[in-house]
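When reading the values below, keep in mind they use all heavy atoms of this one structure, side chains included, and skip hydrogens, waters and symmetry mates.
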Amino acid sequence: MMPARTPSRAPLLALSLLLAAGLAHATLPPPSPQQAAAAAQKKAQADAQAQQDKEKLIQSMDGIAARYRARAAREGWTTHPPVAVAAPSAALSAPAVATGMAPSKQPATGPVRSEKLGTAAPSADTKARPTQAMPRGADPTVNKSRHGKQ
């Protein structure tokens with residue numbers, strides 16, 4: 001006696017997955033004016049907090065550098081003068097996207113010079129000719145002057 005066959009659940013499962021996918025792609029309604037104002041206020045508070053954190057970090061780094069230089073002077077360590085920062089701290093805090101500036105493809109100093117691209121002369125330590133291949137079966141540490149060849 002064969003057991004009774006139950007109907008397949010695959011079509012039902014496929015239909016439920018299609019309905020779930022349709023619900024997942026549904027768009028949300030636009031935020032209300034109150035929600036938009038609350039989001040803008042929250043973003044402004046987060047930006048202000050980030051600005052304060054950046055200023056604290058810069059002050060902390062300056063303090064650490066000053067303590068190091070003072071200790072180096074006491075201990076007699078060799079130090080070099082601090083490097084001047086090209087961009088002011090205000091430029092560090094504002095991203096280029098917010099100011100509407102597009103990132104530059106070329107540096108401000110001029111075109112890139114590269115040996116690989118052929119836009120610069122080869123270095124002084126570059127080989128004059130390619131390395132010669134070793135003969136088959138030869139010891140890689142052969143000293144030609146020792147074997148009579150000069």
Taking only residues two or more places apart in sequence, or in another chain, which ones meet Leu13 in a side-chain contact (heavy atoms from CB on, under 4.5 Å)? Ser16, Leu17
Residues pairing under salt bridge (charged side-chain N to carboxylate O under 4.0 Å, His left out) where one sits in residues 15-36, two or more places apart or in two chains, turn out to be none
Tell me, please, which residues at least two apart from Gln45 pass side-chain hydrogen bond (donor to acceptor under 3.5 Å, both in side chains). none
Main chain of Thr119, side chain of Ser114: is a donor-acceptor contact present, judged purely on distance under 3.5 Å? no
Gap separating the CD1 atom of Ile58 from the NZ atom of Lys56, nearest 0.5 angstrom: 13.0 Å
Side-chain donor-acceptor pairs of residues 28-35 under 3.5 Å, sequence neighbours excluded:
from, atom 1, to, atom 2, distance (Å)
Ser32, OG, Gln34, OE1, 3.4
Ser32, OG, Gln35, N, 3.3
Gln35, OE1, Ser32, N, 3.0

Can you give the donor-acceptor pairs under 3.5 Å from side chains of residues 59-72 to other protein atoms, not counting sequence neighbours?
from, atom 1, to, atom 2, distance (Å)
Arg69, NH1, His80, O, 2.8
Arg69, NH2, His80, O, 3.1

Residues passing the side-chain hydrogen bond (donor to acceptor under 3.5 Å, both in side chains) test with Lys43, sequence neighbours excluded, are Asp47
To the nearest 0.5 Å, tell me how far Gln52 CD sits from Lys54 NZ. 12.5 Å
